[in-house]
Amino acid sequence: MSDRNPLHRSLLGMLLIACLGLAACEDTGEAASAIPVPNEETVATPAESGQAIAKAADEKKTRIESLGELDSKPLARRELDIQSWQTTGGARVLFVEAHQLPMFDLRLTFAAGSSQDGDMPGLAMLTNAMLNEGIEGKDVTAIAEGFESLGAEFGNGSYRDMAVASLRSLSAPDKREPALQLFSQVVGHPTFPADSLQRIKNQVLAGFEFQKQNPGKLASLELFEQLYQDHPYAHPSEGTPDSIPVIDADQLRAFHANAYTAANAVIALVGDLDRTEAQAIAEQVSAALAQGPALPPPPAPSAPEAGTRHIDFPSNQTHLMLAQLGIPRGDPDYAALYLGNQILGGGGFGTRLMEEVREKRGLTYGIYSGFSPMQTNGPFMINLQTRASLSEGTLQLVQTLVDEFLKNGPTQAELERSKREIAGSFPLSTASNADIVGQLGSIGFYNLPLTYLEDFMQQVQALSVEEVKAAMNKHLSSGDFVIVTVGPQVEQKPLPAPSEKPLEQPSGVPEH
């Protein structure tokens with residue numbers, strides 16, 4: 001096994017954040033950038049600057065000298081006091097006070113993702129993309145300038161389960177109140193201007209052309225189609241070249257009126273606010289939304305037929321993607337599956353798949369596996385790319401490794417090591433207000449208990465080898481994979497023999 005280190009722990013922590021929060025099932029696509037808060041105290045004299053530099057150098061030296069100790073010491077946890085209530089309009093609110101910085105993060109999560117597209121793929125995406133393109137009296141430029149002048153940031157995104165809209169603002173009333181007023185107008189009363197709609201359509205259509213040159217994207221599109229067949233998860237969130245051109249502004253307005261309602265929303269708030277201020281903000285935002293019921297979740301998908309689909313593509317590498325139906329968010333086996341997958345292929349270096357496929361044989365730059373629970377059964381996927389001439393042997397090796405893992409389960413040593421790493425990385429999932437607001441949005445959207453984060457950690461630490469093995473076998477089968485490969489048809493070569501000494505990897509990036 002490869003030695004573990006603080007860098008590995010940081011990477012694992014990022015994966016844990018994704019699995020616990022929104023990125024577990026939907027990539028939010030938002031950057032967590034901080035808003036600078038200038039004040040008189042930030043202006044220093046040259047002498048004070050020199051002292052500060054010297055002090056910073058000493059602190060940096062101390063931090064560097066202590067890095068070696070981090071791997072054996074748990075990181076400090078941030079205790080969360082999650083408060084929850086419902087607005088008069090029916091939106092669920094989750095709130096955490098955090099007065100360390102004079103700012104707050106607000107995230108609205110709607111059950112308005114592409115699973116609600118119906119027979120018009122891309123409808124949810126276009127609706128969300130158009131939110132900040134126009135409101136009464138302001139075009140897209142004026143909206144952007146309005147947020148910028150207040151030191152505020154607006155973000156939005158649409159995915160399979162959900163659509164999100166977010167605001168980061170200073171908490172001082174003279175900045176907070178106008179930022180919230182503008183945000184409420186953008187989310188609750190967009191005008192969907194025709195010129196902006198055409199521009200965004202053109203951008204999306206241009207993106208479809210680029211996809212044709214991306215073998216990884218081609219593999220992903222085909223995989224979801226084969227895995228979910230006629231289920232709403234089958235079509236891409238961004239729509240298709242046939243559906244996007246025919247969507248018009250009236251359809252966007254209808255979707256917005258139906259899906260961007262208070263009862264269909266979760267409001268997550270984190271920051272420099274008290275309960276009274278948070279309640280006022282939640283009511284203001286909720287009142288700006290239309291009234292209407294929450295939309296039902298998509299139905300459970302039917303099990304697909306296992307098999308392999310190849311897409312011919314002129315490249316040196318072949319992309320390999322394997323998937324089968326996993327679990328919905330909130331499944332009681334999730335902790336066991338997460339821990340088992342961390343050992344199999346979800347924890348980066350040192351996992352079974354990474355060691356056998358990359359370290360011992362040098363077949364790939366990286367191989368990763370993971371569960372993505374959603375409103376209904378999300379996928380379990382394994383993905384990698386390898387030299388085209390070794391693709392068939394590599395695919396067979398991966399299937400064999402999964403089969404062996406399911407039959408034998410993890411070792412006790414693997415289990416204990418992964419438990420320690422998860423415990424050490426867990427504080428990173430709530431390291432910033434942006435992380436916390438993402439967790440709250442996920443907890444609210446998937447109707448998880450307010451104690452979910454602590455419950456998850458306790459469940460992981462209590463698991464045995466037998467329980468992990470049983471859960472993995474309950475939800476996965478080595479013979480049920482839907483497989484998509486994208487690459488050239490070339491003569492195949494035998495795989496190199498495994499080496500106990502890690503092979504030196506090429507320094508360049510893989511060629512397509």
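Count residues from 1 along the sequence.
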Tell me if a side-chain donor or acceptor on Asn377 pairs with a main-chain N or O of Gly326 at a distance below 3.5 Å.
yes
Any sub-3.5 Å donor-acceptor pair from His231's side-chain atoms to Ser302's backbone N or O?
no
Does the Asp161 side chain pair with the main chain of Gly113, one donor and one acceptor, at a distance under 3.5 Å?
no
Report, as yes or no, whether the 6.0 Å neighbourhood of atom CD on Gln203 holds more than 12 heavy atoms from other residues, nucleotides or ligands.
yes
Restricting to non-hydrogen atoms, name the atom on Leu80 and the atom on Leu453 that form the minimum distance, rounded to 0.1 Å.
CD1-CD1, 3.9 Å
Glu414 (side chain) donor-acceptor with Thr351 (main chain) under 3.5 angstrom:
no
Mark yes or no for whether Gln461, through its side chain, and Gln459, through its backbone, hold a donor-acceptor pair below 3.5 Å.
no
Checking salt bridge (Lys or Arg N to Asp or Glu O under 4.0 Å) for the pair Arg199/Glu133: CA distance, chi angles, key distance, verdict?
CA-CA 11 Å; Arg199 171 173 51 81; Glu133 291 291 326; 2.3 Å; yes
Look only at the side chain of Arg168 and the backbone of Asp105, and say whether a donor-acceptor pair between them is shorter than 3.5 Å.
no
Donor-acceptor check, side chain of Arg361 to backbone of Glu356, threshold 3.5 angstrom: yes or no?
yes
Where the side chain of Ser391 meets the backbone of Ala388, is there a donor-acceptor pair that is under 3.5 Å apart?
yes
If you count heavy atoms of other groups shown closer than 6.0 angstrom to CG of Asp312, is the number above 12?
yes
When every non-hydrogen atom of Gln375 is compared with those of Tyr233, the smallest separation belongs to N-OH, 3.4 Å
Is Glu225 salt-bridged to Arg309, cutoff N-O under 4.0 Å?
no
Determine whether a donor-acceptor pair (N or O, by modelled atom type, separation under 3.5 Å) exists between the side chain of Thr451 and the backbone of Glu454.
no
In plain terms, say whether Lys469 and Glu466 are close enough for a salt bridge, that is, a side-chain N and a carboxylate O under 4.0 Å apart.
no
If the plane angle is over 60° it's perpendicular, under 30° parallel, otherwise tilted; pick one for Tyr338 and Phe456.
perpendicular
Could you walk me through whether Asp435 and Gln439 pass side chain to side chain donor-acceptor pair (under 3.5 Å), step by step?
CA-CA 6 Å; Asp435 295 327; Gln439 301 289 6; over 6 Å; no
Indicate yes or no: does Arg352 engage Glu404 in a salt bridge with an N to O separation below 4.0 Å.
no
Quick one: do Glu355 and Lys360 make a salt bridge, cutoff under 4.0 Å?
no
Tell me yes or no: between the side chains of Glu392 and Gln396, is some donor less than 3.5 Å from an acceptor?
no
Verify whether one side chain among Glu222 and Gln226 offers a donor that lies under 3.5 Å from an acceptor in the other.
yes
Between Leu320 and Ile483, does a side-chain contact (heavy atoms from CB on, under 4.5 Å) hold up when you go through it step by step?
CA-CA 7 Å; Leu320 307 175; Ile483 301 168; 6.0 Å; no
Minimum heavy-atom distance between Ala112 and Tyr260, given as atom pair plus value:
CB-CE1, 4.0 Å
Check the pair Gln489, His310 against side-chain contact (heavy atoms from CB on, under 4.5 Å), reporting the backbone distance first and the verdict last.
CA-CA 9 Å; Gln489 296 277 12; His310 178 76; 3.3 Å; yes
Which heavy atom in Gln324 sits nearest to a heavy atom in Leu476, and how many Å separate them?
OE1-CA, 3.5 Å
Around atom CG of Asp119, are there more than 12 heavy atoms of other residues, nucleotides or ligands at under 6.0 Å?
no
Which atom pair, heavy atoms only, marks the closest approach of Met374 to Tyr446?
C-CE2, 3.7 Å
Closer than 3.5 angstrom, by distance alone: can the side chain of His235 be matched with the main-chain N or O of Phe224 as a donor-acceptor pair?
no
Quick one: CZ on Phe154 to CG on Leu106, what's the gap to the nearest 0.5 Å?
10.5 Å
Could you tell me if the side chain of Phe110 sits less than 4.5 Å from the side chain of Val187, heavy atoms only?
yes
